[in-house]
Amino acid sequence: MAIIDIKVPTIAESVTEVTLSQWLKPNGSVVKIDEPICEFESDKATLELPAEAAGTLIHVAAEGTDLKIGDLIARIDTSASASATPAPAKKEETTATPAPAPAKKEETTATPAPAPAKKEETTATPAPAPAKKEETTATPAPAKKEETTATPEPAPAKKEETTATPAPVTANYATGTPSPAAEKYLAESGLKPEDVEGTGKDARITKNDALKAIENKAAVAAEPKTETPKTEPAKTETLKTEAAKTETPEAATPVKVAKPQVAFSRNESRVKMSRMRQTIAKRLVSAKNTTAMLTTFNEVDMSAIIALREKYQDKFVKKFGVKLGFMSIFAKACSKVLLEMPDVNASIDGTDIIYHEYTDISFAISTPSGLVVPPIRNCESLSFADIEKQLKVLADKARNGKLTIEEMQGGTFTITNGGVFGSLMSTPIINEPQSAILGMHATKDRPVVMNGQIVIRPMMYLAMSYDHRIIDGSTSVTFLVKVKELLEDPTSLFLDV
């Protein structure tokens with residue numbers, strides 16, 4: 001008996017725990033190598049764990065369990081898959097034995113069966129003629145075939161009994177709470193957790209529960225409404241009476257809707273924080289407590305960038321297949337200044353300072369499960385189109401929970417854009433171990449003084465939070481001013497002057 005242990009793999013240096021959100025394969029099922037067997041969530045994303053070998057899956061950890069890196073999740077019995085292979089061969093031999101000869105069987109089915117009494121006489125007397133021989137061989141063939149095929153029928157019934165046994169449900173915080181993957185699907189479909197019945201541990205709503213609920217919702221929406229039947233005109237009055245009886249309850253029993261707000265309600269609900277939200281909270285508190293964080297502000301006139309995009313947007317899209325957005329322009333501007341001012345692009349490791357001769361810029365992306373900051377590597381060497389393409393891929397993966405561990409690691413500087421949500425001003429928190437983060441905000445028309453006159457310009461506030469342990473105040477202000485100058489004169493950025 002060969003048993004292989006499946007353990008929680010190493011995800012990243014900062015990830016020490018994960019939560020087993022749901023099993024994708026039931027206990028005792030036969031799995032193939034590299035087939036996903038379970039889904040677990042970390043602070044980074046929701047990930048699937050593949051089987052390391054083919055065999056019978058044995059669950060060790062239960063859904064909803066918090067596990068550390070290296071903890072045992074499951075075992076795979078590889079000997080079970082090997083011993084299961086000869087079974088089909090034996091079945092083929094059994095079914096092949098009863099048939100004496102294919103040719104005689106065809107003749108038998110083509111000839112009408114004579115009376116039973118004559119069959120008995122024929123078997124007792126040697127067959128002088130081919131006709132009687134046909135009758136003689138016709139009798140046993142069907143009977144043996146029936147005995148052979150009737151044997152395996154009870155097997156499916158046992159399988160149904162095994163899978164039908166429900167897991168015991170214990171009401172707790174997990175009851176009715178969707179997993180991160182399920183929460184994403186429910187949010188996208190407009191369903192609420194209370195509209196879905198959870199089948200996971202302690203009635204937790206799994207991804208499969210969410211997908212099933214979405215399918216049911218689509219089926220109900222696509223199902224045509226049944227009205228008074230028109231197939232039997234003679235019974236019109238009777239059908240009208242029956243319809244009147246059935247229409248009232250259908251109209252009075254809607255599909256679950258949002259509960260109306262009750263005046264002076266004092267109701268409360270308690271839901272456990274997801275693994276991602278817990279880790280985000282820990283990191284934000286850590287950044288606040290361990291870094292000497294300050295924020296400097298400035299504002300940038302977006303007129304030149306807006307005019308540039310309006311002039312070249314169609315040509316850019318036609319050539320590269322993506323739109324020219326603000327993010328690639330900001331990323332290139334920051335990359336240029338970061339290489340000129342290495343302190344802002346550095347990080348602290350104990351008593352050492354690590355300087356980076358490249359710019360891996362992390363971009364904050366909002367997802368249903370929380371904020372993620374995957375980096376785009378070597379932004380200083382990429383074109384505007386390359387950055388836009390990579391950013392689109394990362395954003396799509398992040399919102400669908402498909403980011404890999406490699407795509408989440410690294411980064412020397414972060415850009416976050418609260419302006420897409422309408423933020424006018426904020427103080428972003430440093431993404432450790434980085435030393436600085438730039439916050440973009442909403443572009444608003446405001447009166448500004450230019451050449452002694454008050455004019456209206458599309459203005460954006462910029463905020464840069466930085467670690468004062470490594471970046472001095474003058475360095476942070478100079479950095480932000482240089483970025484501002486490049487953004488207000490994007491031609492110099494494109495010409496690299």
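Side-chain polar atoms of Ser465 and Thr295 form a donor-acceptor pair below 3.5 angstrom. In summary, the side chains of Asp472 and Thr475 do not present any donor paired with an acceptor at a separation below 3.5 Å, with no hydrogens or angles considered. Between the side chains of Asp209 and Thr206, at least one donor N or O lies within less than 3.5 Å of an accepting N or O. There is no side-chain donor-acceptor pair under 3.5 Å between Gln22 and Glu63.
Atom CD1 of Ile58 is separated from atom CG of Asp77 by 5.5 Å, given to the nearest 0.5 angstrom. The CG atom of Asn216 sits 11.5 Å away from atom CG of Asp195, with the distance rounded to the nearest 0.5 Å. With rounding to the nearest 0.5 angstrom, the CE atom of Met425 is 9.0 Å from the CG atom of Leu462. To the nearest 0.5 Å, atoms CD1 (Ile365) and CZ (Arg399) are separated by 6.5 Å.
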Might you work through the side-chain contact (heavy atoms from CB on, under 4.5 Å) test for Asp489 and Leu493, ending with a clear yes or no? CA-CA 7 Å; Asp489 184 17; Leu493 180 61; over 6 Å; no

Would you sort out whether Ile6 and Leu49 count as a side-chain contact (heavy atoms from CB on, under 4.5 Å), showing the intermediate values? CA-CA 9 Å; Ile6 306 296; Leu49 181 66; 3.6 Å; yes

Which is it for Asp66 and Lys272 under the salt bridge (charged side-chain N to carboxylate O under 4.0 Å, His left out) test, yes or no, and what are the steps along the way? CA-CA 12 Å; Asp66 292 338; Lys272 184 180 179 181; 3.4 Å; yes

side-chain contact (heavy atoms from CB on, under 4.5 Å) between Asp360 and Ile376, worked out: CA-CA 6 Å; Asp360 290 354; Ile376 294 180; over 6 Å; no

Steps toward side-chain contact (heavy atoms from CB on, under 4.5 Å) verdict (Met440, Thr416): CA-CA 6 Å; Met440 299 167 56; Thr416 180; over 6 Å; no

I'd like a table of donor-acceptor pairs (distance under 3.5 Å, sequence neighbours excluded) in which one partner is a side-chain atom from residues 323-343, with atom names and distances.
residue, atom, partner, partner atom, Å
Ser328, OG, Gly325, O, 3.4
Ser328, OG, Glu388, OE2, 2.6
Lys332, NZ, Cys379, O, 3.3
Lys332, NZ, Glu380, O, 3.4
Lys332, NZ, Leu382, O, 2.7
Ser335, OG, Ala331, O, 2.9
Ser335, OG, Thr359, OG1, 3.1
Lys336, NZ, Asp496, OD1, 2.9
Asp343, OD1, Tyr355, OH, 3.3

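Using a distance-only test at 3.5 Å, with no hydrogens or angles considered, a donor-acceptor pair links the side chain of Gln434 to the main chain of Thr414. For Asp71 (side chain) and Lys68 (main-chain N/O), a donor-acceptor pair under 3.5 Å exists by modelled atom type. With hydrogens and angles ignored, the 3.5 Å screen pairs no side-chain donor or acceptor of Ser29 with any backbone N or O of Lys25. A distance-only check finds a donor-acceptor pair linking the side chain of Thr290 to the backbone of Ser286 [under 3.5 Å]. Remark: side-chain polar atoms of Asn417 are paired, donor with acceptor, to backbone N or O of Gly419 under 3.5 angstrom. Looking only at distances, a side-chain donor or acceptor of Glu407 sits under 3.5 Å from a matching main-chain atom of Thr404. Gln278 places a side-chain N or O within 3.5 Å of a backbone atom of Met273 that can act as its donor or acceptor partner.
Not counting sequence neighbours, the partners of Asp301 by the side chain to side chain donor-acceptor pair (under 3.5 Å) test are Ser303. Under the ring-ring contact (aromatic ring centres under 6.0 Å, His included) criterion, Phe363 pairs with no residue, sequence neighbours left out. For Ser423, there are no side chain to side chain donor-acceptor pair (under 3.5 Å) partners two or more places apart in sequence or in a different chain.
Heavy atoms from other residues, nucleotides or ligands lying under 6.0 Å from CD of Glu48 number more than 12. More than 12 heavy atoms of other residues, nucleotides or ligands lie within 6.0 Å of NZ in Lys484, so this atom counts as buried by the packing criterion. For Ile456, the CD1 atom sits in a packed shell: over 12 heavy atoms of surrounding residues, nucleotides or ligands are nearer than 6.0 Å.
Here the closest heavy-atom approach between residue Ile471 and residue Ser435 is recorded as CD1-O, 3.6 Å. Closest of all the heavy-atom pairs between Pro9 and Ile69 is O-CD1, 3.4 Å.
Classification of the His468-Tyr466 ring pair by plane angle, with boundaries at 30° and 60°, yields perpendicular. Ring planes of Trp23 and His59: parallel class, angle under 30° (limits at 30 and 60°).
Pairs engaging residues 432-442 under the salt bridge (Lys or Arg N to Asp or Glu O under 4.0 Å) rule: none recorded [sequence neighbours left out]. Applying the side chain to side chain donor-acceptor pair (under 3.5 Å) definition to pairs two or more places apart or across chains, those involving residues 441-463 are Glu299-Arg446, Ser426-His441.
Taking the six-membered ring where the residue is Trp, the centroids of Phe384 and Phe494 are separated by under 6.0 Å. A centroid separation of 6.0 Å or more is found between the aromatic rings of Tyr312 and Phe316.
Salt bridge status for Asp314 with Lys318: absent, with no side-chain N to carboxylate O gap under 4.0 Å. Under 4.0 Å is where a charged nitrogen must lie from a carboxylate oxygen, and between Asp467 and Arg469 at least one such pair does.
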